[in-house]
Peer 1: 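I'd like to ask you about the structure that follows.
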Amino acid sequence: RSTYNNLINACGSNGNWREALRICKQMTENGVGPDLVTHNIVLSAYKNGTQYSKALSYFELMKGKNVRPDTTTLNIVIYCLVKLGQYDKAIELFNSMREKRAECQPDIVTFTSIIHLYSVSGQVENCRAVFNTMLAEGLNPNIVTYNTLMAAYASHGMNEEALLVFNEIKKNGLLPDIVSYTSLLNAYGRSQHPGKAREVFDMMRRNNLRPNLVSYSALIDAYGSNGLLAEAVEVFHEMEQDGIEPNIVTMCTLLAACGRCGRKVNIDVVLSAAEMRGIKLNTVAYNSAVGSYMNVGEYEKAITLYKSMKKRRVKPD
RNA sequence: AAUUUAUAAAU
C-alpha cells in the first residue's frame, strides 16, 4: 500500500492527477484498498493539478463512503475552497473544526491557511486575530505562519505591520528565511518605498541568503511599479550576472515598468529580450505590454501586439 | 533526512 501511495504521490505532486487516479484504480483492482493517506494523496493530486472542484467532489465521495477525514484532509479542502473563492464555506469548516468535540482539531497548517484566507478575501484586519487565537490554543507558529502573516500585510502595502512581524520572528527564536525577506521587500515595494526594498534585499545577502528568482523579480517590481525603470533594468542585469534566469513573471514585471516611468520608452526592447531568452509571453504579459503601450501613447503598437497575440494563440481576457 | 496539507514576485 505504501508503494502505491508513493507512486500515486509521485504523479500527484507533479500535477499529473489523471495518472495518479489511474494508479489509484489499479491499486484497488489489485485488491489493495486505499487508506486515508491514499485519499489525502488523491486530494492533493487534484489540488496540485488545480482541479479544486474535483477535489471537493472527491471529498464528498469520501464522506459518502464513511471515510473519516483527518486534519490533513480538511486542510486540503480548506485550501481548495479558498482557491475557488468559497471563503464562507472555508470559514464554516474551520469553525466546525474548532468545536470542542470535533474529531479533527485545527493545527498550525489550518490556522495558517485561515490567515491566508483573510488576506486574499480582503479582510486583512482579521489576520492578527487568527494568529492570536492560534497562540491562545497553545500552538506555536513556525516560519510559514509568520511569513503568511507578513505576506498578508505586504500585499496590502502595510509595511509597518510587516516589519513588526519580521522582528517577531527573531524574537521568537526563528530565523527569517528567503520568503520572509522577500515578503518584507514586497511590503516596501507596495508602499512606495523602493529604497527600503533594496535595503531588505541587501540585508538578505548579508545574512547569507541567496536571492532567488522570486526575490529578484520582487525587487524589479519594487522599482518598476514606483516609476524607476532604470533601476529595475539594472536589477534585471544584476540577476542574470548572478546566474539566475528570468522567467515570464520577470519579463512581465519589466513590461509593466515600461508603462509607469512617465516617459516614452522602447517596450520592443523588452519584448525581444524575452524572445531572445526563449520566454513565450502569456496572457498576463501581453496585457502588461499592451497596457504599457497605451500608457506611453503608442496606440498603434498596442493594436499590433494585440493582433500578434491572436496569431500566437494566446487568449485575450 | 523521503507516502499526504499551509507562506513570497507580474497585467
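All values derive from a computational prediction rather than experimental measurement.
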Peer 1: Classify A:N212 by what it touches in the nucleic acid, base, sugar-phosphate, or nothing, heavy-atom distance under 4.0 Å.
Peer 2: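 Answer is base: heavy atoms of A:N212 come under 4.0 Å of a base.
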Peer 1: In terms of side-chain geometry, is the basic nitrogen of A:R68 or A:E103 positioned less than 4.0 Å from the acidic oxygen of its partner?
Peer 2: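 Looking at A:E103 together with A:R68, the answer is yes, because their closest N to O distance falls below 4.0 Å.
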Peer 1: Give A:D70 one of three labels, base, sugar-phosphate or nothing, depending on what nucleic acid heavy atoms sit under 4.0 Å from its own.
Peer 2: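 Answer is nothing: A:D70 stays at 4.0 Å or more from every strand.
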Peer 1: Going by the angle between their ring planes, with limits at 30° and 60°, are A:Y146 and A:F131 parallel, tilted or perpendicular?
Peer 2: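 A:Y146 and A:F131: tilted rings.
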Peer 1: Would you please classify the geometry between the A:W17 ring and the A:Y46 ring as parallel, tilted or perpendicular, with 30° and 60° separating the classes?
Peer 2: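 Tilted: the ring planes of A:Y46 and A:W17 meet at 30° to 60°.
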Peer 1: Are a donor atom and an acceptor atom from the side chains of A:T250 and A:S217 found within less than 3.5 Å of each other?
Peer 2: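 Yes, side-chain donor-acceptor contact under 3.5 Å.
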Peer 1: For atom CD of A:E240, decide whether the heavy atoms of other residues, nucleotides or ligands shown that lie under 6.0 angstrom number more than 12.
Peer 2: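 Above 12, so yes.
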Peer 1: Will you find, in the side chains of A:N287 and A:D317, an N or O donor that is under 3.5 Å from an N or O acceptor?
Peer 2: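 Distance-only check passes for A:N287 and A:D317.
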Peer 1: Let's see if you get this right: which residues in residues 163-188 of chain A place a heavy atom under 4.0 Å from RNA chain B?
Peer 2: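 Within residues 163-188 of chain A, the residues near RNA chain B are A:V179, A:T182, A:S183, A:N186.
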Peer 1: What's A:N282 touching, base or sugar-phosphate or nothing? Going by heavy atoms closer than 4.0 Å.
Peer 2: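 A:N282: base contact, heavy atoms under 4.0 Å.
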Peer 1: When you compare the side chains of A:T253 and A:D221, does any donor N or O come within less than 3.5 Å of an acceptor on the partner?
Peer 2: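 The answer is no; no qualifying pair exists.
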Peer 1: At a heavy-atom distance below 4.0 Å, which nucleotide of RNA chain B is the first touched by chain A, and which is the last?
Peer 2: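 Answer, 5' to 3': B:U3 to B:U11.
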Peer 1: Mind checking A:T72 for me? I need base, sugar-phosphate or nothing, with any heavy atom below 4.0 Å counting as a touch.
Peer 2: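 The answer is base, as A:T72 lies within the cut-off (heavy atoms under 4.0 Å) of a base atom.
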Peer 1: Would you tell me whether A:T38 and A:D35 have side-chain atoms, one donor and one acceptor, within less than 3.5 Å of each other?
Peer 2: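 Yes - a donor-acceptor pair under 3.5 Å links their side chains.
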Peer 1: Counting the atoms with a prime plus P, OP1 and OP2 as sugar-phosphate, which does A:S113 contact under 4.0 Å by heavy atoms, base, sugar-phosphate, or nothing?
Peer 2: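 Since only primed, P, OP1 and OP2 atoms lie under 4.0 Å of A:S113, the category is sugar-phosphate.
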